[in-house]
Asker: 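The structure is given below, and queries will be raised subsequently.
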2 protein chains.
Amino acid sequence: MKPKQKKSKRLERLREVIEDDPFITDRELACVFGVSIQTIRLDRLELGIPESRERTRRLAEEATNKVRSVETGEVIGDLIHVKLGQEGISVLETDKDMAFQRTSIVRGHHIFAQANSLAVALVDAEIALTGTATVKYLRPVKAGERLVAKAEIVSRSGRRHVVKVTTKIGHEDVFTGEFAVFAVDEPDGYGETQGGDLN
Amino acid sequence: MKPKQKKSKRLERLREVIEDDPFITDRELACVFGVSIQTIRLDRLELGIPESRERTRRLAEEATNKVRSVETGEVIGDLIHVKLGQEGISVLETDKDMAFQRTSIVRGHHIFAQANSLAVALVDAEIALTGTATVKYLRPVKAGERLVAKAEIVSRSGRRHVVKVTTKIGHEDVFTGEFAVFAVDEPDGYGETQGGDLN
DNA sequence: CATGAATTATGACCAAGTCTTAGTAGCAGA
DNA sequence: TCTGCTACTAAGACTTGGTCATAATTCATG
């Protein structure tokens with residue numbers, strides 16, 4: 001049973017090699033493993049691994065989707081309820097890409113981002129800038145947990161809105177924050193005493 | 001000069017079409033524009049646009065790099081100086097992917113993330129959790145600007161570290177924050193009074 | 001020795017290109 | 001009118017990185 005062992009070992013390694021270099025071609029793989037191209041093709045067939053161009057295409061699609069949804073959406077998380085100028089709820093499904101590999105604990109800035117973008121979304125203005133934020137992390141969030149953020153505008157004086165956000169997992173509070181958000185009309189002239197970053 | 005106008009218009013549109021669907025083939029493009037494949041190839045040559053497989057490959061590479069560096073790096077930004085337990089400096093080059101398309105203003109959570117992860121990096125412990133954060137955005141940051149964050153541990157009592165972070169563009173302050181970071185030894189038993197999220 | 005699994009080889013074919021050479025259509029100026 | 005230019009189209013040879021089918025070879029093992 002020498003060849004069988006050899007083979008299954010190769011299959012295993014093959015999967016790994018392709019995993020961390022999806023661009024590699026069969027020719028290169030054949031060279032790496034010291035077997036013929038045909039063997040590599042049969043192996044891929046057996047493992048159900050598509051050809052390199054297909055792998056590349058999938059990667060590109062997946063990654064562009066991810067970048068678009070994670071980075072360029074106007075709001076981090078899904079807005080499931082909004083009363084402009086009053087309150088709102090946003091849901092964020094966390095995943096391992098948001099977390100530290102070692103601990104699977106979600107990075108704080110994602111939680112912050114959800115809360116902050118919700119706070120800004122509530123303010124009824126062309127442009128809204130966060131001036132200050134005070135936040136508290138109550139317990140770590142594990143990758144896979146579903147974050148539900150509830151926000152409420154608790155006060156308003158002129159352009160300054162104070163928004164309180166509480167983020168829960170189930171019934172447990174994991175994060176709270178208070179954001180001072182400024183509404184801005186003019187494209188380049190915002191608060192003189194309190195500038196802020198648009199979020 | 002009718003054909004010339006037609007052509008330059010097509011080149012322009014071609015660039016756009018390929019831009020928002022990089023996977024499209026010459027054959028499909030030929031069909032879209034109602035010209036021959038050869039014309040499309042000549043156009044691409046003129047515009048210096050590579051073939052679809054090449055475009056796909058680049059996308060995949062770029063996107064995977066981006067996801068890795070932006071999302072899974074242990075620190076957001078580049079640590080250019082660290083004195084563990086004392087102070088540190090991190091640099092973050094902002095780009096349009098970090099900003100709102102409409103305004104080109106960098107999303108606040110990126111600035112927060114840089115500061116927060118720097119604060120956490122300074123704490124000399126196996127695991128460090130942010131308990132609270134108070135931050136102030138002093139002026140909006142435009143995509144392309146280079147953020148330099150300086151952090152300093154200003155006090156420490158037991159496991160609680162207070163870290164002050166100031167982020168500048170050139171000599172101008174754009175953000176300040178104060179982070180309470182907790183050092184944790186045991187894998188699952190952290191602060192009883194003050195939990196926190198590992199960042 | 002025969003059998004079967006694993007491997008290698010071979011050849012036909014495909015998609016999506018490259019690069020080269022050549023032909024055509026339409027219009028503009030000497 | 002002829003000539004030349006630009007734009008477009010066509011045709012052929014070659015490349016990469018494969019698929020698919022059909023052998024042929026190797027080799028351990030019953």
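Lettering of chains follows the sequences in order, A, B, ..., and the numbering in each one begins at 1. All values below were derived from every heavy atom in this structure, side-chain atoms included, with hydrogens, water molecules and symmetry-related copies excluded.
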Asker: For A:E51 and A:R44, which heavy atoms make the closest approach, and how far apart are they?
Answerer: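 Closest approach of A:E51 to A:R44, heavy atoms only: N-NH1, 3.3 Å.
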
Asker: Would B:L45 and B:L47 show up in the same hydrophobic cluster when neighbours are defined by side-chain heavy atoms closer than 4.5 Å?
Answerer: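 In one cluster: no.
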
Asker: Return all side-chain donor-acceptor pairs below 3.5 angstrom for residues 31-42 of chain A, not counting sequence neighbours, or 'none' if the list is empty.
Answerer:
from	atom 1	to	atom 2	distance (Å)
A:S36	OG	A:T39	N	3.3
A:S36	OG	A:T39	OG1	3.0
A:R41	NH1	A:D26	OD2	3.1

Asker: List the protein contact pattern of nucleotides 9-25 of chain C with one symbol per nucleotide (5' to 3'): B for base contact, S for sugar-phosphate-only contact, - for none; contact means a heavy-atom distance under 4.0 Å.
Answerer: BB----BBBB-------

Asker: Rounded to the nearest angstrom, tell me the gap between atom CZ in A:F33 and atom P in C:dT7.
Answerer: 12 Å

Asker: As an exercise, state the distance from CG of A:L129 to CZ of B:R139, rounded to the nearest 0.5 Å.
Answerer: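 So the CG of A:L129 and the CZ of B:R139 are separated by 12.5 Å.
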
Asker: What is the separation between atom CD on A:E54 and atom C1' on D:dG17, rounded to the nearest whole Å?
Answerer: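 Atom-to-atom, A:E54 to D:dG17, this comes out as 13 Å.
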
Asker: Between atom CZ in A:R57 and atom C1' in D:dG18, what is the gap in whole Å?
Answerer: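 Spelled out: CZ on A:R57 to C1' on D:dG18 is 14 Å.
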
Asker: Thinking salt bridges, do A:R57 and A:E54 make one under a 4.0 Å N-O criterion?
Answerer: yes

Asker: Classify B:I37 by what it touches in the nucleic acid, base, sugar-phosphate, or nothing, heavy-atom distance under 4.0 Å.
Answerer: nothing

Asker: Of all heavy-atom pairs between B:F182 and B:G131, which one has the smallest distance, and what is that distance?
Answerer: CE1-CA, 3.7 Å

